Amino acid sequence: MVAFFHFDQQHPDFSHGRHAFRSILMQLLHTHNVKGWRELVDIASLIKNVTGSGQRFASEEDVLDILELYIERCNPAYFVFDGMDECSNHVDFVLELERLTKGTRTRILLFGRPHLHYGNVRQSESNQILLGPQENLQDLQAYLHCHVLSLLEKGAIARRQPDDAAAIVEILAHNSSSIFLWAILMIAYLQSPFLTPRDRLDAIEQIHVFTGLDALFMKILDQVEKSTPKTQWNRIKTVFQCLIAAFRPLTTQELKILLAVKKDTAMSAEDQIQDFDNSLVQMCRSLVEIRPDGTVAFIHLSVSEFLIKAESRRNSPWPFHVQIYSAHRTMAVLCISHMLNDVPHSPLSGCSSTTITSILLEERFPLLQYATSNWESHAWKCLQFESRDDIKNTFAIDEYKILLSQILVAVSSPEFVSMWVEAGWIFGTCPSQRDLPAVIRSALEILGLQTSAKVAKLIAKLDSLSTYISNLERQWGRVLEQHPNEIWLPSIQTFAQSEFSVGSNVSNLVSLSSPEDVDAILLASQVSDSGSEVGVLKVWPPK
């Protein structure tokens with residue numbers, strides 16, 4: 001039995017040891033179920049129903065308990081883990097693997113960068129193999145040869161002699177240091193339509209300046225800087241910022257809209273990049289890729305690491321450096337702008353009496369699910385700096401003012417808030433608001449800015465909004481879960497009267513209960529056909 005898992009730090013569901021254990025367990029379950037080995041499947045069922053945590057999804061402890069029993073009975077088993085350098089807890093993961101497989105015939109194969117250390121593993125029972133320069137030389141040469149030959153046949157590289165292909169492959173393979181990623185990116189660089197045949201030959205003859213991944217990244221982006229109009233630099237940087245700051249992998253449709261969003265007006269089809277998939281890879285010179293599931297990612301984690309740490313060169317600003325606070329600020333502004341300008345602040349189905357499905361809503365507004373769930377988290381992240389030095393740019397203060405102004409515009413509109421609430425429940429998540437007021441106060445102190453009347457108003461609005469959202473979830477969560485459109489109807493608007501309520505003046509509420517009865521649980525509500533009367537059924541639990 002062989003099971004495999006690949007860690008990917010750019011994907012939140014593939015970056016931790018618990019994801020690997022859960023995946024390995026699923027592979028074991030599937031294999032034994034298909035082969036008719038019911039014993040192990042029965043063990044999992046027994047643990048779930050008798051000694052498990054009782055949750056719908058197995059807890060980490062449940063997964064490890066079942067996996068330990070399986071490993072004892074599945075000898076021999078072979079577990080292969082790739083991308084160990086992208087496992088966020090690789091030391092603890094390996095120690096847990098060691099505990100699970102101790103005393104069994106299970107064999108484990110780990111692939112990762114050579115600098116990784118795995119703590120106090122049983123060194124006497126492990127072998128470390130370092131890939132030498134010659135180990136994958138033939139594979140590298142085979143990959144390089146077909147691409148170099150294609151370039152030569154098209155006349156894309158200036159020829160010096162008939163056997164140039166073999167000579168060029170030898171130069172590139174030698175300089176790759178056995179790193180396949182370097183070879184892939186170097187070929188992508190040579191294939192750039194912005195290089196002349198002479199430029200490509202010069203790059204090959206001066207290959208020493210491309211040595212190492214960081215040097216190659218810099219040369220690729222140098223070429224982008226030289227061949228791309230300055231007006232496009234910001235768009236490319238926005239791509240990098242979005243990929244680095246996003247809380248989950250973005251789809252091509254989401255990224256396409258993010259690049260088209262405007263801060264002050266609604267976007268149109270003319271603002272969106274045509275043939276986006278091909279244009280994106282060409283625009284970023286193969287530093288990003290589109291994966292089979294339709295999401296966009298850097299070709300390797302090392303690209304994002306380089307963009308974050310590369311600050312400047314030759315004493316001049318570098319247009320593609322990504323500052324993490326700035327990246328989150330950009331994402332927050334784009335998400336809020338999209339919700340302010342491109343999504344109607346009215347019932348999302350077009351009618352308050354019906355609810356639109358999440359599938360149809362996503363088709364109409366591909367970015368709305370991400371924006372609804374994450375705009376406040378990006379705002380919170382970008383304000384979490386510890387000192388003014390973290391900002392690195394005095395112009396950033398103006399950008400923060402723009403962000404705070406946009407948040408104020410958004411939360412000052414009852415229609416915006418209702419649309420946000422409806423969208424959140426349609427997509428299955430109750431809108432949440434972190435402790436933004438406290439974070440904003442702290443950020444203003446660090447930036448040395450006074451709390452103006454405008455900012456004071458924003459903080460007061462956010463405090464009220466937090467209370468409103470909490471009350472909605474506690475008192476009306478069951479209703480909104482089934483019928484998110486109820487946020488627009490008199491039932492909620494009448495009984496949850498607030499400055500954020502839409503149309504709350506269409507009805508009056510006369511309470512027959514005492515002020516102490518505020519913790520009632522709503523069981524059902526009904527609006528009359530005329531819309532002039534509302535009936536509710538509540539239960540007051542005993543105290």
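Please read all numbers here as calculations on a predicted model, not as lab measurements.
Relative ring orientation between F240 and F298 is described as tilted, the plane-to-plane angle lying within the 30° to 60° band. Ring pair F4/H6 is tilted by interplanar angle, where 30° to 60° counts as tilted. Relative orientation of the F21 and F93 rings is tilted, given thresholds of 30° and 60° on the angle between their planes.
From S304, atom OG reaches atom CD1 of I299 across 12.5 Å, with rounding to the nearest 0.5 Å. Taken to the nearest 0.5 Å, the CD1 atom of I220 stands 14.0 Å off from the CD atom of E225. The CG atom of L334 lies 6.5 Å from the OG1 atom of T238; values are rounded to the nearest 0.5 Å. In this structure, the separation between NE2 on H19 and CZ on F5 is 7.5 Å, given to the nearest 0.5 Å. In this structure, CZ in F180 is found 7.5 Å from CG in L144, a value given to the nearest 0.5 Å.
Although no hydrogens or angles enter the test, the distance criterion places no donor-acceptor pair under 3.5 Å between the side chain of R291 and the main chain of V296. At distances below 3.5 Å, not a single donor-acceptor pair connects side-chain atoms of Y70 with backbone N or O atoms of D65. Distance alone, capped at 3.5 Å, is enough to place a donor-acceptor pair between the T101 side chain and the L97 backbone. Formation of a donor-acceptor pair under 3.5 Å by the N89 side chain with backbone atoms of H16 is not found in this model. A donor-acceptor distance shorter than 3.5 angstrom exists from the side chain of Q274 to the backbone of Q272, with no hydrogens or angles considered.
Relative to the ring axis of Y400, R329 places its NZ or CZ within 45° and under 6.0 Å from the centre. Relative to the ring axis of F210, K219 places its NZ or CZ within 45° and under 6.0 Å from the centre.
D139 and N136 share no donor-acceptor pair across their side chains, judged by distance under 3.5 Å alone. A donor and an acceptor atom, one from each side chain of H378 and N374, are nowhere located under 3.5 Å apart. Under 3.5 Å, the side chains of Q27 and S23 contain a donor-acceptor pair of N or O atoms. No donor-acceptor contact under 3.5 angstrom links the side chains of S15 and Q9, judged on distance only.
Between Y78 and M1 the shortest side-chain heavy-atom distance does not fall below 4.5 Å. Between H300 and E86, the closest side-chain pair of non-hydrogen atoms falls below 4.5 Å. No side-chain heavy atom of Q241 sits less than 4.5 Å from a side-chain heavy atom of M331.
Ion pair R248/D13 not flagged as a salt bridge, since none of the NZ, NE, NH1 or NH2 atoms sits closer than 4.0 Å to an Asp/Glu carboxylate oxygen. Under a 4.0 Å N-O distance rule, the pair E254/K256 does not qualify as a salt bridge. With respect to the salt-bridge test (charged N to carboxylate O, under 4.0 angstrom), the residues E68 and R99 qualify.
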Step-by-step side chain to side chain contact (heavy atoms under 4.5 Å, CB included) determination, F306 to F217: CA-CA 8 Å; F306 170 77; F217 295 151; 3.6 Å; yes

Should C382 and L403 be marked as a side chain to side chain contact (heavy atoms under 4.5 Å, CB included) after you check the CA-CA gap, both sets of side-chain angles, and the distance that decides it? CA-CA 10 Å; C382 80; L403 171 62; 3.4 Å; yes

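Closest approach of C242 to L255, counting heavy atoms only: CB-CD1, 3.9 Å.
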